[in-house]
Amino acid sequence: MATVTAKSEVKATRVATPKVRQTKLLINGKWQDAVSGKTFATVNPATEEVIAQVAEGDAADVDLAAKAARKAFESGPWSKMDARDRGRLINKLADLMEQNIDELAALETLDNGKPVRDSRAADLPLAIDCLRYYAGWADKLTGETIPIRGNYFCYTRREPMGVVGQIIPWNFPLLMVAWKWGPALAAGCTIVMKPAEQTPLTALRVGELAMEAGFPAGVINLIPGYGPTAGAALVKHPQVDKIAFTGEHRTAQIIMGDAAQTLKRLTFELGGKSPNVIFADADLDAAVAGTEFGLFFNQGQCCCAGSRVFVEEKIHAEFVSKLVQRAALRKLGDPLHPDTMQGPQVDRDQFDKILSYIAKGNAAGAKCVAGGKRHGDKGFFIEPTIFDHVTDDMAIATDEIFGPVLSVLPFKSTEEVIERANSTMFGLAAAVWTRDVGKAHQFAKNVRAGTVWVNCYDVFDAAAPFGGFKMSGIGRELGSAALQNYTELKTVTMALD
Ligand code: ADP
């Protein structure tokens with residue numbers, strides 16, 4: 001009996017701090033220093049200590065990478081490879097990621113601060129699944145035969161778009177690599193990727209695995225560096241055919257301007273201020289749990305975070321009390337410890353920005369019913385924070401905070417809540433909790449958002465398209481829809497007499 005008790009008290013042990021293996025640029029299959037010789041520090045947000053110095057790419061490195069990618073696209077082995085063999089390579093990369101899953105999850109946690117239980121259970125499996133999903137598409141991109149007037153044979157071909165520039169953010173560093181590489185590689189494009197300056201390490205490690213898998217030189221190039229230098233150079237480069245960007249809408253506006261000169265194809269996955277609507281007839285405990293997950297997952301650093309929680313007046317008090325109880329149970333701390341549920345925000349800028357929004361919420365008269373402060377005195381930790389009695393005009397209800405700050409807004413009727421849910425410039429995601437099927441469909445039809453979750457939140461699958469209405473984006477990622485982002489349609493017409 002005593003042994004059993006002792007055993008059950010043994011806590012899961014902290015995951016060892018992973019080794020950083022790769023900090024250079026990947027250009028044309030070779031790892032190299034930046035032309036300028038410059039490096040930048042990547043910081044552990046849980047300790048504020050420098051993890052490693054990483055090569056800092058800029059316009060000169062982007063130029064080398066874009067030319068290597070162009071050559072690989074035009075004349076390298078990749079351009080002649082059978083589509084099914086491209087699929088095999090993508091699968092091989094997924095297998096290598098799976099073989100190194102613990103190391104990659106720990107590295108993601110070290111660089112980004114997300115709890116290792118999330119990186120191990122969500123980011124990594126989703127990234128691997130995404131690559132496998134697109135590996136299956138490589139040999140299934142077909143055209144059509146078209147019955148045009150006259151004696152002609154008319155058909156379409158779906159061809160790779162060319163060299164694609166991919167610029168990704170820091171909130172899901174490795175998952176964004178998979179979302180971007182999967183469809184681009186399946187389509188036969190070549191890639192120059194700029195990871196976020198806050199979190200370059202897992203992309204570089206996966207770059208190593210891609211080389212081990214056997215991707216030919218120049219197919220995948222990685223240029224860590226800053227947005228206004230490396231990112232902007234990629235957007236302006238004449239040899240780059242397309243930019244796929246995930247990040248803030250303000251950055252997308254700059255990119256759109258910079259891309260005008262070369263008329264690049266653009267796809268954007270941007271921010272949100274997603275409404276999460278709880279009707280009085282919902283399964284309350286499920287709605288509370290889903291609401292907690294929908295906002296606090298990933299420290300609130302999700303573009304689809306359910307940050308405006310509309311609660312029907314009849315259940316408002318009960319719902320808020322249950323939500324506050326759940327928020328109090330969230331364990332903050334060392335993200336490499338498997339018990340930790342919430343890690344630090346990614347960097348000091350985000351940390352300061354979130355605290356300034358909490359101050360704005362208090363100043364505007366919203367009632368802070370949970371959290372509201374920094375947690376501890378080292379690392380960028382912020383308590384799970386809930387504001388009640390928020391009104392639609394407050395900054396905490398209109399602006400994307402990108403942190404663990406949830407706003408509760410009471411409502412009375414379905415029509416009212418749909419109108420209020422839509423009164424935002426964003427349109428990425430929305431959720432509704434109700435047992436009334438009619439009400440659920442009415443909401444799903446009328447809300448202007450790219451994804452609607454009914455009685456669930458943050459359910460992602462590589463096969464289900466994701467992207468925004470309005471200022472939340474252009475185009476869709478995931479699913480067959482993402483393949484459109486990386487292919488051009490060619491029409492061929494042949495005279496038959
Ligand atoms: P976040 O607030 O999430 O960091 P950003 O939009 O600033 O969002 O950053 C997302 C990505 O866009 C990062 O990789 C960043 O370096 C890059 N980026 C920032 N500014 C520019 C720019 N002017 N041109 C191209 N990329 C940029």
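Just so it is clear, the values below take in all heavy atoms, side chains as well, and ignore hydrogens, waters and symmetry mates. Just so you know, ligand 1 is whichever comes first in the structure, and atom 1 is the first atom listed for that ligand.
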>> Against W170, only a single residue in E197, M176, Q301 fulfils side-chain contact (heavy atoms from CB on, under 4.5 Å); can you say which?
In response: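 With W170 as partner, side-chain contact (heavy atoms from CB on, under 4.5 Å) holds for just one option, Q301.
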> Which is it for I168 and ligand 1 at heavy atoms under 4.0 Å: side chain, backbone, both or neither?
Replying inline: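 I168 to ligand 1: backbone contact only, side chain stays beyond 4.0 Å.
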Scan the side chains in residues 353-372 for donor-acceptor partners under 3.5 Å anywhere in the protein, sequence neighbours excluded, and list what turns up.
{"unit_1": "S356", "atom_1": "OG", "unit_2": "K353", "atom_2": "O", "d": "2.8"}
{"unit_1": "Y357", "atom_1": "OH", "unit_2": "D399", "atom_2": "OD2", "d": "2.6"}
{"unit_1": "N362", "atom_1": "ND2", "unit_2": "I358", "atom_2": "O", "d": "3.3"}

Which heavy atom of the protein is the closest neighbour of [atom], given with residue, atom name and distance?
atom                    : result
atom 25 (C) of ligand 1 : G231 C, 3.4 Å
atom 1 (P) of ligand 1  : W170 NE1, 3.5 Å
atom 23 (N) of ligand 1 : I254 CG2, 3.8 Å
atom 6 (O) of ligand 1  : T251 OG1, 2.7 Å
atom 15 (C) of ligand 1 : E197 OE1, 3.6 Å
atom 12 (O) of ligand 1 : F245 CE1, 3.2 Å
atom 2 (O) of ligand 1  : E248 OE2, 2.7 Å
atom 22 (C) of ligand 1 : G227 O, 3.5 Å

> Any Lys/Arg nitrogen of K180 or E477 sitting under 4.0 Å from an Asp/Glu carboxylate oxygen of the other?
Replying inline: yes
>> Salt bridge check, D339 against K331: does any charged N sit closer than 4.0 Å to a carboxylate O?
In response: no
> Do any N/O atoms on Y226 end up under 3.5 angstrom from N/O atoms on ligand 1?
Replying inline: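 In fact, backbone or side chain, Y226 has no N or O that close.
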> Judging by distance only, is a nitrogen or oxygen of K194 under 3.5 angstrom from one on ligand 1?
Replying inline: yes
>> Ring centres under 6.0 Å, that's the criterion: do W179 and F172 meet it?
In response: no
>> For the aromatic rings, using the six-membered ring if either is Trp, is the centroid distance between W181 and Y486 under 6.0 Å?
In response: no
> For ligand 1, which atoms have a heavy atom of A232 less than 4.0 angstrom away?
Replying inline: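 Near A232, the atoms of ligand 1 are 24 (N), 25 (C).
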> Sub-3.5 Å donor-acceptor pair from the side chain of D111 to the main-chain atoms of L107, do we have one?
Replying inline: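 Pair absent, no side-chain N/O of D111 close to backbone of L107.
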> Any sub-3.5 Å donor-acceptor pair from R14's side-chain atoms to H337's backbone N or O?
Replying inline: no
>> Just to be sure I'm reading this right: ignoring hydrogens, which of T246, V235, I167 gets closest to atom 10 (C) of ligand 1? Compare them by their nearest heavy atoms.
In response: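 It is T246 whose heavy atom sits nearest to atom 10 (C) of ligand 1.
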